[in-house]
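Some notes on the structure that comes next.
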Amino acid sequence: QVQIEESGGGLVQPGGSLTLSCTASESTFGINGMGWYRQAPGKQRELVAVATRGGDLFYGESVEGRFTISRDNSKNTVYLQMNNLKPEDTAVYYCNADIYRVGAKWFAVDHWGQGSRVTVSA
């Protein structure tokens, strides 16, 4: 069974930076991506960023230009560097080690982490 460990959440001031990390106990196969979804109270789950095994990077529109995802396949680890954080970024960030898409629709069915709470507030 794949185990997902994520860390790096916390409290940060608006405009500040925070880094999340996520490590999977096993590597994925093929084109599977690793990355994060997030969910804030009262809002739908939102795709944040995905890094594929081959190094392609994808971002949700709300974080494009502010967040950077990177992947170290040798460590089965992804990192999310979050810059210029806004209060709207406040959410629980859930790492997933098996993100894929069919057409324009993304899927993340299994291999979820427990989540990291990110709070952006003055």
Applying ring pair (Phe, Tyr, Trp, His ring centres under 6.0 Å), run through Tyr100 and Phe107 and close with a yes or a no. CA-CA 5 Å; Tyr100 62 98; Phe107 296 86; 5.5 Å; yes

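- The distance from the OH atom of Tyr37 to the CD atom of Gln44 is 12.5 Å, given to the nearest 0.5 Å.
- The main-chain N or O of Ala108 is found under 3.5 Å from a side-chain atom of Trp112 such that the two form a donor-acceptor pair.
- Summarising the geometry of Ala122 relative to Pro14, their closest heavy-atom pair is N-CD, 3.6 Å, with the distance given to 0.1 Å.
- Rounding to the nearest 0.5 angstrom, the gap separating the OH atom in Tyr79 from the CG atom in Asp72 is 5.5 Å.
- Taking 4.5 Å as the limit, every side-chain heavy atom of Glu5 sits out of range of all side-chain heavy atoms of Cys22.
- Around CD of Gln39, the count of heavy atoms belonging to other residues, nucleotides or ligands within 6.0 Å exceeds 12.
- Side-chain atoms of Leu18 and Leu85, non-hydrogen and from C-beta on, do get closer than 4.5 Å to each other.
- Between the side chain of Asn73 and the backbone N or O of Arg53, at least one donor-acceptor pair lies under 3.5 Å.
- Note: Tyr93 and Phe67 have tilted aromatic rings, judged against thresholds of 30 and 60 degrees for the angle between ring planes.
- Panel note: side chain Gln13, backbone Ser121; a donor-acceptor pair is recorded below 3.5 Å.
- In terms of heavy-atom proximity, Ala24 sits nearest to Val2 at CB-CG1, 4.3 Å.
- One N or O on the side chain of Glu6 and one on the backbone of Gly115 form a donor-acceptor pair closer than 3.5 Å.
- Judged purely by atom type and a 3.5 angstrom limit, Thr77 uses its side chain to pair as donor or acceptor with the backbone of Lys75.
- Using a 4.5 Å heavy-atom cutoff, the side chains of Val48 and Ile69 are not in contact.
- Note: Gln114 CD to Ile4 CD1 = 10.0 Å, rounded to the nearest 0.5 Å.
- Counting heavy atoms from C-beta on, the side chains of Trp106 and Val50 come closer than 4.5 Å.
- A heavy-atom distance below 4.5 Å is found between the side chains of Met34 and Arg71.
- Atom CZ of Arg117 sits in a sparse spot, with 12 or fewer heavy atoms from other residues, nucleotides or ligands closer than 6.0 Å.
- Side chain of Ser17 to backbone of Asn83: no donor-acceptor contact under 3.5 angstrom is found.
- Taking each heavy atom of Gly35 and Ile99 in turn, the nearest pair found is N-CD1, 3.7 Å.
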Check the pair Arg38, Thr90 against side-chain hydrogen bond (donor to acceptor under 3.5 Å, both in side chains), reporting the backbone distance first and the verdict last. CA-CA 9 Å; Arg38 69 185 182 186; Thr90 297; over 6 Å; no

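- With Asp56 contributing its side chain and Ala51 its backbone, the two residues share no donor-acceptor pair below 3.5 Å.
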Run Ser62 and Glu88 through side-chain hydrogen bond (donor to acceptor under 3.5 Å, both in side chains) and show every step you take. CA-CA 9 Å; Ser62 62; Glu88 305 89 85; over 6 Å; no

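- A 4.5 Å side-chain heavy-atom check between Arg101 and Phe58 finds at least one atom pair inside the cut-off.
- Counting heavy atoms from C-beta outward, Tyr59 and Leu47 have side chains that stay 4.5 Å or more apart.
- Minimum heavy-atom separation, Ser116 to Leu20: CB-CD2, 4.4 Å.
- With Arg66 contributing its side chain and Asn84 its backbone, the two residues share a donor-acceptor pair below 3.5 Å.
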